[in-house]
Amino acid sequence: MHCTIKISEDLFWVGGNDRRLALFENIFPIPRGVSYNSYVLLDQKTVLLDTTDYSISRQFMENLRHTLGERGLDYLIINHMEPDHAALISDISAIYPNVKLVVNAKTLQILKQFFPEQDFEKNCLVVKEGDVLDTGRHKLSFIMAPMVHWPEVMMTYDSADKTLFSADAFGTFGALNGNIFNDEINFDRDWLDDCRRYYANIVGKFGAQVQAVLRKAAELEIKTICPLHGPIWRSDIAYLLEKYGKWSSYTPEDNGVVIIYGSMYGNTESAANALAGKLSEAGVRNIAVYDVSSVHVSQLISEIFRCKCIVIASPTYNGGIYPPMLNLLHDMKALGVQGRSAAIIENCSWGAVGSKKISELLSEMKNMKVITEPLVIKSTLQISQESLLNDITAKITEELI
Ligand code: FEO
């Protein structure tokens, strides 16, 4: 059975959901699934905007056939070549041999890489920034958005209905449950965390490029945003732009502190909990505590994007940093995390080197401010060290309140 949803008079959502996939990109847990959005415009010409992942091909093809009815397909606009959206280009070309693939020069290169057996070039319409595709009532212009999330990414803007097809930007993890519009869901309660986690981990490294696209978007009148994952936005566009403005400039979203600990036998965990309790007593109200060994690194990265202060509490291990914590620190650096206030707690029974190594890694990230001397624990936090814990509490509180 087809499952399509009308967005406007002649625009239809023809995407689908995958609730079976455990790991997006074979990395990121998606317990709520993921949607692959695709759109059909029925103008004088018919237009498909991106395909989907192969995993939902049967549903997608059914949706597409139902929406087009007896009509053929004139254009397939390829805003993004990553296979979660581009897997079915070859199938579409086979079913609709006269379809024109609307691509930019970089897209064409990547298209050839993914489909080396096929000669798509003769069927390609190569566009560049600002070019307009006239489909009848709609005039579709193209906005290059390199590195949001791949180098070929572009967005398509429909000036007739003020709709931005934004590729991965403004997307989120999570399957769509019938309500595909932002005004039909409780986004803050049910989607914001996954939206931030998606942004931070998928596009987080490319803040400067996202800022560049946001500047272009600011010149457009936008009534609807159609991303490739997650809800379609037809209200509160400013809210979404504000979130992206913060995330892409690495501005903390709120005055929170995230304490991330690694703990083999519970002693470092105990120190982390003691710090959280003292922060609460000092009046800090936005405290999150996570075990680096049991919470996926993508969730930790998301929380670091959210919070102003981070505390890294880690055992020394093999003369270095506890491996799961080292993995987090490497991921922070790779994703361009910057501009946070940080405190370090090291636990070692001998050979205190971990805090120095953590400091060094933090110093390789931009504008990271280590706000106190590391608190070094020997095996377990001693009552005699409570004043040091109080010092860290005071410094963090000063940052947040
Ligand atoms: Fe949803 Fe970069 O692909």
Side-chain angles (χ1 to χ4, degrees), residues 13-39 48-57 59-60 76-90 92 101-104 106-111 113-115 142-156 164-176 180 191 194-210 212-214 225-233 240 243-244 247-248 298 301-302 305 331 334-336:
W13 178 84
V14 296
N17 296 294
D18 188 342
R19 296 184 182 86
R20 292 187 174 195
L21 185 69
L23 298 175
F24 185 78
E25 292 186 357
N26 217 5
I27 302 175
F28 306 108
I30 44 169
R32 297 172 61 238
V34 67
S35 77
Y36 302 110
N37 298 340
S38 172
Y39 304 94
L48 173 64
L49 291 113
D50 292 294
T51 69
T52 66
D53 189 81
Y54 217 86
S55 60
I56 62 156
S57 59
Q59 180 72 66
F60 167 69
L76 165 55
I77 296 175
I78 303 172
N79 281 323
H80 189 12
M81 267 308 300
E82 192 161 9
D84 55 335
H85 312 292
L88 298 166
I89 292 171
S90 180
I92 292 293
L101 306 184
V102 182
V103 298
N104 60 52
K106 194 73 183 172
T107 312
L108 182 56
Q109 179 194 329
I110 299 177
L111 184 65
Q113 289 170 196
F114 272 108
F115 300 100
F142 303 100
I143 300 161
M144 300 303 125
M147 302 319 297
V148 186
H149 142 234
W150 279 15
E152 88 298 352
V153 170
M154 64 182 189
M155 299 183 183
T156 300
L164 182 68
F165 298 91
S166 62
D168 275 341
F170 309 117
T172 168
F173 296 132
L176 293 166
I180 69 166
W191 289 84
D194 260 338
C195 187
R196 185 190 309 104
R197 187 165 68 94
Y198 174 87
Y199 174 86
N201 289 278
I202 305 292
V203 199
K205 177 180 172 62
F206 305 111
Q209 290 86 343
V210 173
V213 168
L214 290 177
I225 294 179
C226 293
L228 286 174
H229 302 283
I232 292 164
W233 288 75
L240 187 61
K243 291 290 179 202
Y244 260 62
W247 296 337
S248 59
S298 64
I301 290 288
S302 176
F305 266 71
D331 215 25
L335 289 168

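Note that ligands are numbered from 1 as they come in the structure, with each ligand's atoms numbered from 1 the same way.
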* **V210 backbone acceptor or donor facing S248 side chain under 3.5 Å** =>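 Such a contact is absent between S248 side chain and V210 backbone.
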* Asked: Hey, which protein N/O/S atoms does atom 2 (Fe) of ligand 1 have under 2.8 Å?
  ->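 Per the 2.8 Å query on atom 2 (Fe) of ligand 1, atoms found are H80 NE2, E82 OE1, H149 ND1, D168 OD2.
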* To do: Please check if the distance between the ring centroids of F305 and W247 is under 6.0 Å.
  =>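 No.
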List the residues meeting ring-ring contact (aromatic ring centres under 6.0 Å, His included) with [X], not counting sequence neighbours, and say none if there are none.
| X | result |
| --- | --- |
| F206 | none |
| F114 | none |
| Y36 | H229 |

* Under the 6.0 Å and 45° cation-pi test, does R196 pair with W191? ->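 Here R196 fails the 6.0 Å and 45° test against W191.
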